[in-house]
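Data first, discussion second: the structure below is written as structure tokens.
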Amino acid sequence: MSFDSLGLRAELLRAIDQQGYTEPTPVQHKAIPVVLAGKDVMASAQTGTGKTAAFTLPLLQRLSVQGGPHRLRALILTPTRELAAQVHENLRGYARHLQIRSAEIFGGVNINPQISKLQRGVDVLIATPGRLIDHIERGTVDLRQVETLILDEADRMLDMGFRPAIDRVVKALPRQRQTLLFSATFSKEITEMASRYLNQPVRVETAPPNSTVELIAQKAVLVDQKQKREVLSWMIGSENWHQVLVFTRTKHGANRLAKQLESDGLTAAAIHGNKSQGARTKALADFKANRVRVLVATDIAARGLDIDQLPHVVNFEIPNVPEDYVHRIGRTGRAGREGLAISLVCGAEHGLFEDIRKLVKVKIPTETLEGYEPTEPLSRDAGKQSRGNQGRQARSGPGRGSNAGQKPKAGASRPGQRRRSGRGQARKAA
Ligand code: AMP
């Protein structure tokens, strides 16, 4: 199956060829003809499935057919600045042989250049909801002629509390339009939102990328929460890993861990929603250029970042949502490269990790490290325990000063062991 049979025009096929794509991915295969036919689409597709091209290619085709002066005809909403920038970069690549003008607008940067760009006239706007509202309020964007609305990673936008902002944006759009909704999951909220914004949508379902997951070497290390950071430093140092992407659940946790890794002698940077755009861009550039060895990220910040094919991904904390695990580890081992995804699982995360095991349907071997054998009781009650434990994790202090690569001492006595078992009992009773 090649791209030729999808009904795309020659300029787009040339651009696709230049990107080096030889055949459409399943979501592209299913969605492109439906979008070209002008229908609304509700697609389940995760990062890494080729979803961006699945909506961008037919969108560009529809926009280019009419020609004429540049006026805002398509709006793509994304949850994060990084994703907006990345979608825009992809779109520019596919539009290279077409006369299409595009712009990205997101917060954290000066608004004035965005205003000038909008004034000069664009065909496609890629925006995060917050900054778009800002432009709507200032009267610097006119959405009245938008023909296509695309909600990218709609589930994330809802998770991030953008529902009211999206409602406001949609009110400013013409009722008569094409709407495409892409989401990794179809929760009740997503389905409800789709029933309000979409008109008889065609559902496009693609299997979760379990096949990708099967290609990635995965393992879990059972370790107490308090020992995680020491174990992480030791693994990175002793295995001589470079370019390690580490996931934490909270922004605060990401900051703290990056600092601790630095004090262990590893170059590290944190990337999350509270960081300025400049700081995020720099951290990513340093990481890509091997100036920073460990990038510590929250799920939201890492989402949509163009940093796949990494050799090592570590789940410092297990995600609350099992699907996030798939997103996280999908960063490694792409395109036949070797990759290793390691999860550090503490007692309270045991139930969550079991849920993940069920989702990915592959055996994830579990091990303990000598000198770091876990003492915490195992929780089976996934959601409740792990959320209840978040505050505790955030408060628990770092392990005693370790150095990267320093071997754990077999049978080393660990301060706080008694306190931990006491806390464990309290947790069980809760
Ligand atoms: P996405 O899911 O849109 O984030 O895309 C994931 C990656 O797959 C991006 O790096 C794309 O450039 C790449 N990609 C998209 N479509 C194809 C295709 N048909 N063949 C090969 N790579 C693709």
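First listed ligand is number 1; within each ligand, the first listed atom is number 1. Keep in mind that the numbers below use all heavy atoms, side chains included, and drop hydrogens, waters and symmetry copies. Throughout, residue positions are numbered sequentially from 1 according to the sequence presented.
Heavy-atom contacts of Glu23 reach the following atoms of ligand 1: 18 (C), 19 (N), 20 (N) (cutoff under 4.0 Å). Heavy-atom proximity to Thr52, at under 4.0 Å, picks out these atoms of ligand 1: 1 (P), 3 (O), 4 (O).
Applying the salt bridge (charged side-chain N to carboxylate O under 4.0 Å, His left out) rule to Arg14 yields no partners; only residues at least two apart in sequence or on another chain are considered. Remark: Lys117 pairs with no residue by the salt bridge (charged side-chain N to carboxylate O under 4.0 Å, His left out) rule, at least two apart or across chains.
At a 3.5 angstrom cut-off on N or O pairs, Thr49 counts as close to ligand 1. Where the criterion is an N or O separation shorter than 3.5 Å, residue side chain and backbone included, Thr22 fails it with respect to ligand 1. In terms of N/O distances under 3.5 Å, ligand 1 is not approached by Tyr94. The N/O atoms of Gly50, backbone and side chain alike, include one that comes under 3.5 Å of an N/O atom in ligand 1.
When the shell of 6.0 Å around CD of Gln99 is examined, it contains 12 or fewer heavy atoms from other residues, nucleotides or ligands.
With Lys30 as the partner, the side-chain contact (heavy atoms from CB on, under 4.5 Å) test is satisfied by one option alone out of Val41, Val204, Val202: Val204.
Annotation: side chain of Trp241 is in contact with side chain of Ile342 (closest heavy-atom distance under 4.5 Å).
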Steps toward side chain to side chain donor-acceptor pair (under 3.5 Å) verdict (Arg9, Ser64): CA-CA 10 Å; Arg9 56 189 296 165; Ser64 60; 3.0 Å; yes
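With a heavy-atom cut-off of 4.0 Å, Phe3 touches ligand 1 through its side chain alone.
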